[in-house]
Engineer: 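Provided herewith is a single structure, encoded as structure tokens, for subsequent inquiry.
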Amino acid sequence: MEKSIAQQIYKKMYAIRVFEEKVEVLFAKGELPGFVHLYIGQEACAVGVCANLSPEDYITSTHRGHGHCIAKGGRLDRMMAELFAKKTGYNHGKGGSMHLAASEIGILGANGVTAGGVPVAVGAALSSKIQNQGRVAVAFMGDGSTNQGTFHESVNLAAAFKLPVVFAVENNQFGVGTRFCTISNEPDIAKRAAGYNIPGVIVDGMDVVAVYQEAKKAIEYAKAGNGPTILEMKTWRYRMHFQGEPATYRNDIEETEWIKKDPLEIAKTKLKSMGLLDNAMIVDIEESVQKKLDEAVEFARNSPDPMPEDALTDLFA
Ligand SMILES: Cc1ncc(C[n+]2csc(CCOP(=O)(O)OP(=O)(O)O)c2C)c(N)n1
């Protein structure tokens, strides 16, 4: 891994963490409308995958999409403005947290429909193949998405057509309050790949270096015309399903074990031991991100609201 990539990786992971912590506070104070589903704990997944993508490549995301947007190159100020439902947001305040999209940087949208982004990514991969563009599409999803019918239909078609797509499954082991192993007889989602005759890989989703390396293989495999991979990242969300949900279904022992595997701490230790990051760089990165975040909140607070007539623009139907 090049030093510049390692620094970008740590920068984006740190940006996701502090952006989400800020959103948590702003939401609790009532400054943000709607719902928020925080990504804290899963930073290594989005960043490890997206560090292999160019701006032209596509991603689709989920209801838990802020991390994917930052990892793919989203600006903190336009994201924050979108969460504030302001006119300067990526979607002029009409998308909000769960429908944040930025097609100019390949983000085809967060999606409030569980597994809703998966066929969209397959469609993008099909268009890339037909037009010979060399672009890959990554469909981010949670474990809960993989028990939706659209997941099966999407993987089957992508495998049959050898489409340039990666199914990036963040297995945080819960769909809302349902433990994955109570509704699936096989706990490893990647093993389903055998049924489609495509590669299935399991990786430690708390270790950004491991995710980066496995995602690199899957993305290169897709770009070379070999078709899709199911990349299963074992991870843990550090907050509840949505902000305000009561913590009733996870136990303290497992929480403590996963907190010990904080992906930011693992990233710092590993990247330092590889000679790609040092303490001075970490301080610089953290200061610059914190400054951008403070500016983003000011930008969002001071931005105009959309006007009633704006409700009739940007419509596709
Ligand atoms: C089609 C559909 N069914 C149900 C829901 C309600 N719902 C919202 S999030 C969620 C769980 C998603 O779990 P997972 O895919 O594992 O993602 P995670 O929340 O763990 O990131 C469900 C069932 C929905 N949004 N869409």
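Since the model is a prediction, treat every value here as computed from it, not as a measurement. Only heavy atoms go into these numbers, but all of them, side chains included; no hydrogens, no water, no symmetry mates. Note that ligands are numbered from 1 as they come in the structure, with each ligand's atoms numbered from 1 the same way.
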Engineer: Under 6.0 Å between ring centres, would you say that holds for Tyr39 and His68?
Structural biologist: yes
Engineer: Under a single-linkage definition using a 4.5 Å side-chain heavy-atom cutoff for Ile, Leu, Val, Met, Phe, Trp and Tyr, are Val120 and Met98 assigned to the same hydrophobic cluster?
Structural biologist: no
Engineer: Do Phe27 and Leu38 make a side-chain contact, defined as non-hydrogen atoms from C-beta onward lying under 4.5 Å apart?
Structural biologist: no
Engineer: For Glu286 and Tyr10, which I'm curious about, is there any donor-acceptor pair between the side chains at under 3.5 Å?
Structural biologist: yes
Engineer: Determine whether the side chains of Ser54 and Asp57 contain a donor N or O and an acceptor N or O closer than 3.5 Å.
Structural biologist: yes
Engineer: With His241 as reference, evaluate Phe35, Tyr249, Phe174 under the side chain to side chain contact (heavy atoms under 4.5 Å, CB included) test and give the passing residue.
Structural biologist: Tyr249
Engineer: List, for ligand 1, each N/O atom that has a protein N/O partner under 3.5 Å away, with both atom names and the distance.
Structural biologist:
from     : atom 1 : to     : atom 2 : distance (Å)
ligand 1 : 15 (O) : Gly144 : N      : 3.3
ligand 1 : 15 (O) : Ser145 : N      : 3.1
ligand 1 : 15 (O) : Ser145 : OG     : 3.3
ligand 1 : 16 (O) : Asp143 : N      : 3.2
ligand 1 : 16 (O) : Asp143 : OD1    : 3.4
ligand 1 : 16 (O) : Asp143 : OD2    : 3.4
ligand 1 : 16 (O) : Gly144 : N      : 2.7
ligand 1 : 16 (O) : Phe174 : O      : 3.3
ligand 1 : 19 (O) : His63  : NE2    : 2.8
ligand 1 : 19 (O) : Arg64  : NH2    : 2.8
ligand 1 : 19 (O) : His241 : ND1    : 3.4
ligand 1 : 20 (O) : Asn172 : OD1    : 3.0
ligand 1 : 20 (O) : Asn172 : ND2    : 2.9
ligand 1 : 20 (O) : Phe174 : O      : 2.9
ligand 1 : 21 (O) : Arg64  : NE     : 2.8
ligand 1 : 25 (N) : Gly112 : O      : 2.8
ligand 1 : 25 (N) : Thr114 : OG1    : 3.4
ligand 1 : 26 (N) : Thr114 : N      : 3.1
ligand 1 : 26 (N) : Thr114 : OG1    : 3.3

